[in-house]
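Here is the structure we will look at.
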Amino acid sequence: VSWKELEVDGNPMGDPEGWSVKLDAARGTVLGGDEDELRMLTPFFFVLPPTAVEANDKWDATVERRGTEFKFTAAGIEKLGEVDVLKVTSTSKETKGSDAMSSEGTWWVDKDGTVHKFEIKITNWVVPMAGGDPFDSVVTGSLIKS
């Protein structure tokens, strides 16, 4: 997993080194890797639904590490540029640990499961390379077209 063209508060940060992560190929949930790095990255993994969805459908997933519970709701189809995407809202919450992290997100996903854009508000986010103290953040991302 890697971040490309990373900016923090509008300042270019370059392309940080990637992280080795093991994912469930069917749904995209995190299965393994370095504990601190996985905790930092967990809010950014969109968990695919187990079946096809329509507007107002809901699904959930649990990542065993720290008991992170995800809840997703399909909000409806939108146009993003020339692509039809499903707008999905999400919440996540760690159920273990005194410094539990949580998030609220919006995702724009095409019919193949590719995330084209996201915005995630994270509470108590821990970034090991930024000192490891929890902080609140809003993170946005978009698919880089090659």
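When a residue number appears, it is its place in the shown sequence, counting from 1.
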Are [X] and [Y] close enough that some pair of their side-chain heavy atoms sits under 4.5 Å apart?
| X | Y | answer |
| --- | --- | --- |
| K58 | K71 | no |
| T114 | L143 | yes |
| E104 | S90 | no |
| D110 | H116 | yes |
| F118 | V88 | no |
| M40 | P128 | yes |

Linked, directly or transitively: [X] and [Y] (ILVMFWY side chains, under 4.5 Å):
| X | Y | result |
| --- | --- | --- |
| F45 | V115 | yes |
| L41 | I122 | yes |
| L48 | V53 | yes |

Main chain of [Y], side chain of [X]: is a donor-acceptor contact present, judged purely on distance under 3.5 Å?
| X | Y | result |
| --- | --- | --- |
| E94 | M101 | yes |
| T95 | G67 | yes |
| W59 | A74 | no |

Residues K79, D84: salt bridge by 4.0 Å N-O rule: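 Here K79 pairs with D84 in a salt bridge, since their nearest N and O are under 4.0 Å apart.
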
Under-4.0 Å salt bridge between E69 and K93: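 So E69 does not pair with K93 through a salt bridge.
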
W125: partners by ring pair (Phe, Tyr, Trp, His ring centres under 6.0 Å), with sequence neighbours left out: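 By the ring pair (Phe, Tyr, Trp, His ring centres under 6.0 Å) rule, W125 matches F44, F135.
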
Check against side chain to side chain donor-acceptor pair (under 3.5 Å), S92 and S103: CA-CA 5 Å; S92 76; S103 70; 2.6 Å; yes

Geometric class of the W107/F72 ring pair [parallel <30°, tilted 30-60°, perpendicular >60°]: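 The rings of F72 and W107 sit tilted, inter-plane angle from 30° to 60°.
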
Atom pair OG1 (T123) and CG (D136), whose distance is rounded to the nearest 0.5 Å: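 Answer for the OG1-CG pair, T123 versus D136, is 4.5 Å.
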
Smallest separation among heavy atoms of I120 and P43, with atom names: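 So the two residues come closest at CD1-O, 3.3 Å.
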
Intermediate values then yes/no, side chain to side chain contact (heavy atoms under 4.5 Å, CB included), F70 and T42: CA-CA 10 Å; F70 289 90; T42 294; 3.5 Å; yes

Other cluster members, V85 - Ile/Leu/Val/Met/Phe/Trp/Tyr, side-chain contacts below 4.5 Å: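 For the cluster that includes V85, the remaining residues are L80, V83, W108.
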
